[in-house]
Amino acid sequence: MVDDIKDSTADGVRTLRIAAMGDLHVSEDAQASYRDLFSEISREADVLVLTGDLTNLGKPREAELLAEDLRNCSIPVVGVLGNHDYESGAVEDVTNILRQAEVRLLDGQAIEIEQVGFVGVKGFVGGFGARMLGSFGEPAIKAMVAESVNEAMQLENAMRQVRAKRTLVILHYAPIADTVAGEPLEIFPFLGSSRLAETIDRFKVSAVVHGHAHRGSYEGQTPGGAKVYNVAMHVDKPSGRPYALLEI
Ligand SMILES: [Fe+2]
Ligand SMILES: [Fe+2]
């Protein structure tokens with residue numbers, strides 16, 4: 001059955017099956033491993049996409065545990081880091097460990113696999129729509145907004161590198177409010193930023209995936225119509241599994 005789905009589309013371009021999942025939060029005292037899940041994903045999909053918060057506290061040991069589990073993954077892995085991966089100030093070590101495990105971590109870059117472009121940035125906070133935080137007042141607020149703008153600019157630069165006709169955007173933070181719906185309203189501004197959606201809508205993208213909002217909603221779209229999926233492990237998905245299955 002899976003092989004049927006993997007067959008070519010009408011125009012002769014092979015459909016890529018992507019398993020997307022975020023917020024693994026691997027911790028040193030984790031009871032369960034992801035090995036069986038990675039084996040399953042390798043049978044179900046062509047590429048695994050990870051949308052950040054791969055570790056719980058950003059500790060190198062946590063990254064090593066994930067790297068060990070990823071040995072059971074036999075398909076390419078592409079991803080971004082999340083805020084939790086920065087917590088211990090060891091993001092370089094975490095990055096190196098995961099890159100050695102052949103995770104293609106993106107932070108403002110684009111890569112191509114099987115004629116599909118994968119563009120990744122972490123993104124940042126700031127809020128949505130007309131209520132988005134503006135650059136006004138104290139330097140600390142301006143620095144926060146500058147970081148949000150910087151992430152959107154990195155996304156734009158990465159989008160410009162894409163030559164493929166199909167593109168998947170990978171984020172940790174949400175680009176729209178629809179897919180954080182379910183979280184307490186009070187924390188919406190900390191779950192993402194519309195600046196990411198404004199950038200996305202200047203390009204043609206096949207889909208956008210993000211995590212971070214554990215209690216959010218699976219599906220939404222940008223004002224320009226790009227499909228957005230919250231693939232945090234905790235979010236209910238049509239696949240009935242912790243990962244989303246997307247065909248691009
Ligand atoms: Fe998370
Ligand atoms: Fe997060």
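Just so you know, ligand 1 is whichever comes first in the structure, and atom 1 is the first atom listed for that ligand. Keep in mind that what you see is a predicted model, and the values were worked out from it rather than measured. Note: hydrogens, waters and symmetry copies are ignored here, and every other heavy atom, side chains too, is used.
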| query | Which atom names give the shortest non-hydrogen contact between Ala244 and Val231, and what distance separates them? | reply | CB-CG1, 3.6 Å
| task | Considering non-hydrogen atoms only, spot the tightest contact between Pro60 and Asp93 and give its length. | result | CG-CB, 3.9 Å
| remark: The atom name of the N, O or S atom in His172 nearest to the Fe ion (ligand 2) is NE2
| Over all atoms of both residues, closest heavy-atom pair of Ala226 and Ile200 | CB-CG2, 4.0 Å
| query | the Fe ion (ligand 1): which protein N, O or S atoms are under 2.8 Å away? | reply | Asp23 OD1, His25 NE2, Asp53 OD2, His214 NE2
| said: Any salt bridge linking Arg17 with Asp46? Criterion: basic side-chain nitrogen under 4.0 Å from a carboxylate oxygen. | reply: no
| message | So, applying side chain to side chain donor-acceptor pair (under 3.5 Å) with His25, which one of His234, His214, Glu62 is it? | response | His214
| task | May I ask you to check whether Ser148 and Ser193 show a side-chain donor-acceptor distance below 3.5 Å? | result | yes
